[in-house]
Asker: 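Could you have a look at this structure, given as structure tokens, before my questions?
Counting begins at 1 with the first residue of the sequence. Values in this document were obtained by computation on a predicted structure and should not be read as measured data. Values reported hereafter were calculated over all heavy atoms of this structure, with side chains retained and with hydrogens, waters and symmetry mates removed.
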Amino acid sequence: MNIYTKSKKGIIRLIFLNSVTFLLANILISTSGGYDFLSNLALSSNVLDVILKPWTIFTSMFLHVDFLHILFNMLYLYVFGQILSSRLGSQSVVTVYVFGAFVGAIFYLLFYNVISGSQEQYLALGASGGVMAIMAAATTLDPNKKIRVFLLGAIKIKWIFLVLFIMTSIYNIDINTGGKIDHMGGAFFGFIYITLIRTRNLFLGRWFDKICLYFSYDFSKKNIYKKNKKYPTGFRGG
């Protein structure tokens, strides 16, 4: 396996997991009670429900039921994920995805339970928080990297990210407000992740990276030790 293919290993696994979950979700919804299924895997805006079903913080980040939703999420994941993995390795894509989605979920819960005060209950699902984190991380890391866009030519990713962030996270914020707050949380994490790498924060960097390594494609303790030894600051790249 060449280096280029290996660098995309994390991206491929995330796309595969999301795709399989999408197919299973649609099959189960069509053959059983759809809402009962979603309520056990999607993230509720009610914090008490989340306490009773803590696994939904994780399962919701891989759950899609709408084809266009997963299509665009996986497209953005693939394009921006390659930029991130080419500089920081395949592990960084998985790390940013998982932790970005987690932070997005925290923003989502804080909004509905602390800021909004809404009595209605909503369900959040999809990879958008994690994907937005990858997009923000890649843009923060290499803002002037150019991507060729159909009919428009080569455009710097900072402008692509800005347009996509406004369209999906700010424009018409009254519609799907919780989802857009989740996007903001993911983008915030992506920015912080790269900022920590650049500043080489020894305390937060090492602590954070040790947790991140558990989401690596290689769970060997021996290899984890070697990676930490290779990068004394605790981060890959930088």
Asker: Where do Tyr112 and Thr177 come nearest, in terms of heavy atoms and distance?
Answerer: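 So the two residues come closest at OH-C, 4.3 Å.
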Asker: Mind listing the closest non-hydrogen atom pair of Ala133 and Gly100 along with its distance?
Answerer: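 Smallest heavy-atom distance, with atoms named: CB-CA, 3.6 Å.
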Asker: Within the distance-only criterion (no hydrogens, no angle test), does the side chain of Ser169 pair as donor or acceptor with the backbone N or O of Ile166 below 3.5 angstrom?
Answerer: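 It does not hold such a pair.
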Asker: Strictly distance-based, threshold 3.5 Å: is any side-chain N or O of Ser92 a donor or acceptor partner for the main-chain N or O of Gly89?
Answerer: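 At least one qualifying donor-acceptor pair exists.
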Asker: Rounded to the nearest 0.5 Å, what's the gap from NZ on Lys146 to CH2 on Trp159? Could you check?
Answerer: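 Interatomic distance, Lys146 NZ to Trp159 CH2, rounded to 0.5 Å: 12.5 Å.
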Asker: Ignoring hydrogens, what is the shortest heavy-atom contact between Gly81 and Val93? Give both atom names and the distance.
Answerer: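 Distance-wise, the nearest heavy atoms are O-CG2, 3.5 Å.
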Asker: For Lys158, does the NZ atom have more than 12 heavy-atom neighbours from other residues, nucleotides or ligands under 6.0 Å away?
Answerer: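 Above 12, so yes.
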Asker: Within the structure provided, determine whether Lys53 and Ser44 are in side-chain contact (heavy-atom separation under 4.5 Å).
Answerer: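 No, their side chains stay 4.5 Å or more apart.
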Asker: Measure the CD1-OG distance between Ile12 and Ser19 for me, rounded to the nearest 0.5 Å.
Answerer: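 Answer rounded to 0.5 Å: 11.5 Å.
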Asker: For a quick test of reading the model, state the closest non-hydrogen atom pair linking Ser60 to Ala124 and the distance between them.
Answerer: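 That would be CB-O, 3.6 Å.
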Asker: Specify the closest pair of heavy atoms between Asn18 and Ala127, including all atoms of both residues, with the distance to one decimal.
Answerer: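 Minimum heavy-atom contact is OD1-CB, 3.8 Å.
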Asker: Would you check if Ile197 and Leu88 make a side-chain contact, meaning some heavy-atom pair closer than 4.5 Å?
Answerer: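 Contact flag for Ile197/Leu88 side chains = yes.
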Asker: From Leu43 CG over to Asp49 CG, what is the distance, rounded to the nearest 0.5 angstrom?
Answerer: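 Between Leu43 CG and Asp49 CG, I get 9.5 Å after rounding to 0.5 Å.
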Asker: Can you hop from Ile57 to Leu52 via hydrophobic side chains spaced under 4.5 Å?
Answerer: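 Hydrophobic grouping puts Ile57 apart from Leu52.
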Asker: Between the side chain of Asp182 and the main-chain N/O of Gly178, is any donor-acceptor distance below 3.5 Å?
Answerer: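 Not confirmed, Asp182 side chain does not pair with Gly178 backbone.
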Asker: Do Ile134 and Tyr76 come within less than 4.5 Å of each other through their side chains, counting heavy atoms only?
Answerer: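 They are not in side-chain contact.
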Asker: Side chains of Arg13 and Val94: closer than 4.5 Å at any heavy-atom pair?
Answerer: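 Sidechains of Val94 and Arg13: no contact.
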Asker: Checking Phe191 against Thr139 for the side chain to side chain contact (heavy atoms under 4.5 Å, CB included) test, could you report, in this order, the C-alpha distance in whole Å, the side-chain angles of both residues, the deciding distance, and whether it holds?
Answerer: CA-CA 9 Å; Phe191 170 76; Thr139 303; over 6 Å; no
Asker: Would a single hydrophobic cluster contain both Ile15 and Leu75, if residues Ile, Leu, Val, Met, Phe, Trp and Tyr are joined by side-chain heavy-atom contacts under 4.5 Å?
Answerer: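 Looking at the clustering, Ile15 is in the same group as Leu75.
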Asker: Nearest 0.5 Å please: distance from the CG atom of Leu164 over to the CE atom of Met135.
Answerer: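 Answer for the CG-CE pair, Leu164 versus Met135, is 4.5 Å.
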Asker: Fit a plane to each ring of His64 and His69, take the angle between them on a 0 to 90° scale, and name the class: parallel (under 30°), tilted (30 to 60°) or perpendicular (over 60°).
Answerer: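 Rings of His64 and His69: perpendicular, over 60°.
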Asker: Specify the closest pair of heavy atoms between Val47 and Asn113, including all atoms of both residues, with the distance to one decimal.
Answerer: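 Between these two residues, the closest heavy atoms are N-OD1, 3.5 Å.
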Asker: Applying the side-chain contact (heavy atoms from CB on, under 4.5 Å) criterion to Phe62, which one of Leu17, Leu41, Leu125 satisfies it?
Answerer: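 For Phe62, the side-chain contact (heavy atoms from CB on, under 4.5 Å) test succeeds with only one of Leu17, Leu41, Leu125, which is Leu17.
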Asker: When clusters are formed by joining ILVMFWY residues with side-chain heavy atoms under 4.5 Å apart, either directly or through shared neighbours, do Val131 and Leu162 land in the same one?
Answerer: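 Linked within one cluster.
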Asker: Under 3.5 Å, is there a donor-acceptor pair between the side chain of Tyr97 and the main chain of Met61?
Answerer: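 Checked: pair present.
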Asker: Could you check if a side-chain atom of Phe161 sits within less than 4.5 angstrom of a side-chain atom of Met132, using non-hydrogen atoms only?
Answerer: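 The answer is yes, as the side chains (C-beta and beyond) meet within the 4.5 Å cut-off.
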Asker: Just so I know, are the side chains of Tyr108 and Tyr122 near enough to count as touching, which here means a heavy-atom distance under 4.5 Å?
Answerer: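 Yes, close enough: below the 4.5 Å cut-off.
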Asker: Decide whether Ile170 and Ile160 are clustered together by the hydrophobic rule: side chain heavy atoms of Ile, Leu, Val, Met, Phe, Trp, Tyr closer than 4.5 Å, transitively.
Answerer: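 Result: yes, single cluster for both.
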Asker: Could you tell me if the side chain of Ser128 sits less than 4.5 Å from the side chain of Thr168, heavy atoms only?
Answerer: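 When only atoms from C-beta onward are counted, Ser128 and Thr168 do not touch, as no gap falls below 4.5 Å.
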Asker: Phe111 and Phe107: ring-ring contact (aromatic ring centres under 6.0 Å, His included), yes or no, with the steps?
Answerer: CA-CA 6 Å; Phe111 173 75; Phe107 272 51; over 10 Å; no
Asker: Please check if the number of heavy atoms outside Phe165 that lie under 6.0 Å from its CZ is greater than 12.
Answerer: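 Yes.
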Asker: Does Leu68 share a hydrophobic cluster with Met167, counting links as ILVMFWY side-chain heavy atoms below 4.5 Å and allowing steps through other members?
Answerer: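 Leu68 and Met167: separate clusters.
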Asker: To the nearest 0.5 Å, what is the distance between CG on Leu123 and OG1 on Thr56?
Answerer: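 The distance works out to 9.0 Å.
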Asker: How many angstroms lie between atom CG of Leu63 and atom CG of Asn40, to the nearest 0.5 angstrom?
Answerer: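 The CG atom of Asn40 is 11.0 Å from CG of Leu63, to the nearest 0.5 Å.
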Asker: Okay, side chain of Lys180, backbone of Asn172: is any donor-acceptor separation there less than 3.5 Å?
Answerer: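 At least one qualifying donor-acceptor pair exists.
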Asker: As a quick check of understanding, evaluate side chain to side chain contact (heavy atoms under 4.5 Å, CB included) for Leu84 and Ile194, giving each step before the final call.
Answerer: CA-CA 10 Å; Leu84 189 61; Ile194 299 302; 4.2 Å; yes
